[in-house]
Amino acid sequence: MFQRFFGRERHANRAITEALYAQIVAAARQTVFYSHWNVPDTPLGRFEMLSLHMFLFQHRLRGEGGVAQEVAQVLIDEFFLDVDHSLRELGIGDVGVPKRMKKLAKMFYGRTAAYDDALERDDLDGLTAALARNVRPDAGAWPEASLLANYVTDACNQLAAQTPESIVSGTLAFPVAKGGEQ
């Protein structure tokens, strides 16, 4: 009897985790990022956008206790499992994956610290610079960085308006990125 009850709960939790992660991935894959805002449509460019959206999710749930904290941890674990799986799909062998995972984790946490710092200081210019430095390090000037920075602040505001109860039940809404106009 207990096994049946806890099995259902575990299945329901897995469904919620999958729904949340799918919504984060969908937000990160919005076509406008790659077609109009010149985010590189490469594995690294997609990692940057997925990292950014994972950061936004984690940023929203920071400070929340209980189930929200647990969901945030499960989702970060899911993110890194997905990154590991993607590396293997790209043909990275078992020997190379841990080294690359360590590098990507360091990149992720470095970026989240920079984005968090800029958001906490309400520093749009600092956020724009951090995004340009991370998403397009080779580009020199990247005018679309300001569009992405505005999107990030809009996303923070939209996520802040969502209750933790709604989020942990599997509902998460990111803004729709608008075309290429500045």
Side-chain angles (χ1 to χ4, degrees), residues 19-63 72 75-76 78-87 89-92 99-162 166-167 171-182:
L20 289 170
Y21 194 70
Q23 292 166 75
I24 291 167
V25 169
R29 289 186 177 166
Q30 291 182 69
T31 306
V32 72
F33 296 140
Y34 308 96
S35 64
H36 289 84
W37 294 3
N38 292 318
V39 170
D41 193 4
T42 62
L44 194 54
R46 288 181 178 257
F47 170 79
E48 291 295 344
M49 295 311 294
L50 185 54
S51 294
L52 177 62
H53 286 82
M54 183 56 64
F55 158 74
L56 289 166
F57 174 79
Q58 296 289 319
H59 183 78
R60 168 58 187 92
L61 290 184
R62 185 178 0 154
L75 265 264
I76 201 72
E78 186 72 23
F79 167 67
F80 282 112
L81 282 172
D82 189 30
V83 170
D84 179 281
H85 180 73
S86 294
L87 288 173
E89 281 187 342
L90 289 170
I92 309 294
K99 182 176 133 183
R100 286 197 171 80
M101 284 298 296
K102 185 175 180 180
K103 181 180 179 182
L104 291 170
K106 185 177 178 182
M107 289 170 57
F108 173 76
Y109 287 111
R111 282 150 175 70
T112 61
Y115 302 154
D116 190 52
D117 179 59
L119 287 172
E120 293 302 315
R121 292 184 294 112
D122 199 23
D123 181 5
L124 189 60
D125 290 336
L127 179 61
T128 302
L131 289 164
R133 182 173 59 248
N134 295 320
V135 176
R136 295 295 308 261
D138 59 338
W142 180 39
E144 296 85 1
S146 62
L147 294 171
L148 188 54
N150 286 324
Y151 169 85
V152 168
T153 58
D154 290 347
C156 280
N157 292 333
Q158 185 168 329
L159 291 170
Q162 297 171 47
S166 158
I167 294 171
T171 303
L172 184 65
F174 286 93
V176 174
K178 304 290 188 231
E181 64 280 341
Q182 285 194 15

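By convention here, the first residue in the shown sequence is residue 1.
- The backbone N or O of Gln158 sits less than 3.5 Å from a side-chain atom of Gln162, completing a donor-acceptor pair.
- For the pair Leu159/Phe57, no side-chain contact is recorded, criterion being any heavy-atom separation below 4.5 Å from C-beta on.
- Side-chain contact between Ser146 and Asp125 is absent, with no heavy atoms from C-beta onward closer than 4.5 Å.
- Counting only heavy atoms from C-beta outward, the side chains of Arg29 and Met49 never approach each other to under 4.5 Å.
- Taking the side chain as every heavy atom from C-beta outward, Arg111 and Leu52 never approach each other to under 4.5 Å.
- The backbone N or O of Glu78 sits nowhere less than 3.5 Å from a side-chain atom of Asp82 that would complete a donor-acceptor pair.
- Partners of Asn38 under the side chain to side chain donor-acceptor pair (under 3.5 Å) rule, at least two apart in sequence or in another chain, are Glu144.
- Side-chain contact between Glu48 and Val39 is absent, with no heavy atoms from C-beta onward closer than 4.5 Å.
- Scanning all heavy atoms of the two residues, the minimum distance from Phe33 to Ala28 falls at CD1-O, 3.6 Å.
- A donor-acceptor pair under 3.5 Å is absent between the side-chain atoms of Arg60 and the main chain of Leu56, judged by distance alone.
- Side chains of Lys178 and Asp154 form no contact here, defined as non-hydrogen atoms less than 4.5 Å apart.
- Crowding of Asp122 atom CG: a count of heavy atoms from other residues, nucleotides or ligands under 6.0 Å not exceeding 12.
- With Trp142 contributing its side chain and Trp37 its backbone, the two residues share a donor-acceptor pair below 3.5 Å.
- Within the 3.5 Å criterion, the main-chain N or O of Pro175 finds a donor-acceptor partner in the side chain of Gln30.
- Residue Phe108 is tested with Phe79, Phe55, Tyr115 for a ring-ring contact (aromatic ring centres under 6.0 Å, His included); the sole match is Phe79.
- Contact annotation: the side chain of Leu148 never approaches that of Leu127 to less than 4.5 Å [non-hydrogen atoms, C-beta and beyond].
- Contacts of Ser166 classified as side chain to side chain contact (heavy atoms under 4.5 Å, CB included), with partners at least two apart in sequence or in another chain: Thr163, Thr171.
- Qualifying side chain to side chain contact (heavy atoms under 4.5 Å, CB included) partners for Ala22, counting only residues two or more places apart in sequence or in other chains: none.
- No donor-acceptor pair closer than 3.5 Å links the side chain of Asp116 to the backbone N or O of Thr112.
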